[in-house]
2 protein chains.
Amino acid sequence: MTSTERETATEMRPTRQRTAVARALDSFTDFRSAQEIHALLGQRGEKVGLATVYRTLQRMAESGDVDALRTEDGEALWRRCSATHHHHLVCRSCGAAVEVEGPAVERWTRTIAEEHGFAEVSHTLEIFGSCRDCTSASAAGS
Amino acid sequence: MTSTERETATEMRPTRQRTAVARALDSFTDFRSAQEIHALLGQRGEKVGLATVYRTLQRMAESGDVDALRTEDGEALWRRCSATHHHHLVCRSCGAAVEVEGPAVERWTRTIAEEHGFAEVSHTLEIFGSCRDCTSASAAGS
DNA sequence: ACCCGCAGTGAGAACGATTGTCAAAACTCC
DNA sequence: GGAGTTTTGACAATCGTTCTCACTGCGGGT
């Protein structure tokens with residue numbers, strides 16, 4: 001059993017379900033939950049099991065095709081992303097997201113970690129705020 | 001170091017349970033789950049309901065007495081923290097944590113957010129790695 | 001001290017997101 | 001077409017966390 005631990009590049013069979021999930025991901029740019037994506041597929045008449053949506057999302061995240069983040073209350077949100085390392089500027093109200101890069105931050109985290117003797121460093125960084133639209137909308141509302 | 005309150009929560013009654021949780025938090029410096037903390041209390045003979053542990057941790061987080069973060073799989077981890085704004089360098093294996101500050105990062109996030117028209121900016125940043133002890137331990141082990 | 005009102009507590013039920021199960025369906029390659 | 005995998009899907013099972021609600025105990029009058 002222990003020998004089965006092969007680092008296979010995972011052959012992803014192109015099934016109807018996976019294509020559907022991939023296309024769904026292309027249709028929006030904000031972060032959404034697996035359940036929302038599942039519902040979206042349902043509305044489109046694409047019948048894909050919830051478990052399959054979760055499985056597909058996970059595999060796509062592993063292969064770097066989608067980004068995942070956790071809300072304050074622990075729910076996972078997903079979104080298609082570019083291949084390069086980056087972080088997000090996310091709107092608290094509408095979920096709109098912008099990919100941002102910060103070379104200086106990358107450098108800083110590595111330095112700090114080394115100073116403290118930490119190896120194999122990785123990090124998570126998300127910036128939350130209220131986007132222009134939501135800010136003016138709430139200002140007008142009240 | 002008995003007197004603590006002053007400007008915080010209006011009425012936080014000092015009960016046996018809350019004192020127990022507070023003391024438990026003082027007994028370790030790494031991030032732990034609510035359930036682990038509950039178990040720790042149990043071992044010490046302090047009988048505190050699980051729900052109470054959760055409630056207490058939440059309130060302490062709101063008043064800034066503890067920091068909370070989510071693991072990759074969505075579980076919440078807690079730890080007593082200092083009052084100033086800071087981030088963490090956390091060991092993936094043993095949970096050891098170091099508080100770090102990065103004025104430059106704070107500035108950077110605010111700038112980036114403003115550039116994109118985002119208001120009321122906040123952010124999360126955690127650095128993960130393998131601490132010195134865990135790194136040498138695993139090197140020796142295998 | 002005694003009473004009272006209400007914040008606080010605990011046991012267990014409820015919840016909700018996610019994962020596991022496993023027989024049936026879909027792919028690939030031959 | 002057929003064998004051998006991989007994938008799927010309906011549904012059960014997990015598991016951390018929150019809710020419910022009757023009961024407890026802190027604290028401020030009196």
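Note: hydrogens, waters and symmetry copies are ignored here, and every other heavy atom, side chains too, is used. Lettering follows sequence order; numbering is per chain, from 1.
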Quick note, B/Ala51 side chain, CB onward, closest among D/dT8, C/dA17, C/dG12 is C/dG12

- prompt: D/dG25 phosphate, OP1 or OP2: any side-chain N/O from B/Thr15 under 4.0 angstrom?
  reply: no

Handout entry: B/Ser122 and A/Arg92 side chains, donor-acceptor separation under 3.5 Å
Key = yes

A/Glu75 atom CD is separated from C/dG16 atom C1', nearest whole Å, by 9 Å

Whichever of B/Pro14 and B/Arg70 has the more 5' nearest nucleotide on DNA chain D, that residue is B/Arg70

Heavy-atom donor-acceptor pair, A/His38 side chain to A/Val48 backbone, under 3.5 Å = yes

Exercise. Answer yes or no: is there a side-chain heavy-atom contact under 4.5 Å between B/Phe31 and B/His88?
Key: yes

Looking only at C/dA26, C/dG5, D/dT17, the nucleotide nearest the B/Arg13 side chain is C/dG5

Testing C/dT18, D/dT8, C/dT9 for proximity to the side chain of B/Thr52, the answer is C/dT9

- Within the pair B/Gln17 and C/dG10, is there a side-chain N or O less than 4.0 Å away from OP1 or OP2? yes

Here the distance between atom C1' of C/dA17 and atom CG of A/Leu77, to the nearest Å, is 12 Å

Contact check, residues 28-46 of chain A vs DNA chain C, heavy-atom distance under 4.0 Å, returns A/Gln35

task: Please check the phosphate of D/dT8 (OP1 and OP2 only) for any side-chain N or O of A/Arg18 closer than 4.0 Å.
output: yes

* So, does the side chain of A/Arg55 form a donor-acceptor pair with the base of D/dG9 at under 3.5 Å? -> yes

The nucleotide from C/dT18, C/dA26, D/dT17 with an atom nearest the side chain of A/Tyr54 is C/dT18

Quick note, B/Leu50 side chain, CB onward, closest among C/dG8, D/dT17, D/dA10 is D/dT17

Item to complete: Would you indicate, yes or no, if C/dT18 has its OP1 or OP2 atom less than 4.0 angstrom from a side-chain nitrogen or oxygen of A/Gln58?
Response: no

Point to revise | Residues B/Thr52 and B/Arg55: side-chain donor-acceptor under 3.5 angstrom | key: yes

message: Between A/Val66 and A/Tyr54, is there shared hydrophobic-cluster membership here, with clusters defined by ILVMFWY side-chain heavy atoms closer than 4.5 Å?
response: no

message = Does D/dC26 have OP1 or OP2 under 4.0 Å away from a side-chain N or O of B/Arg16?
response = no

A/Asp73 CG to C/dA17 P, in whole Å, measures 9 Å

**Prompt:** Hey, are B/Glu99 and B/Ser82 close enough side-chain-wise for a donor-acceptor pair under 3.5 Å?
**Reply:** yes

Note: B/Ala96 and A/Phe118 closest approach over all heavy atoms is O-CZ, 4.5 Å

Here the distance between atom P of D/dG9 and atom NZ of A/Lys47, to the nearest Å, is 10 Å

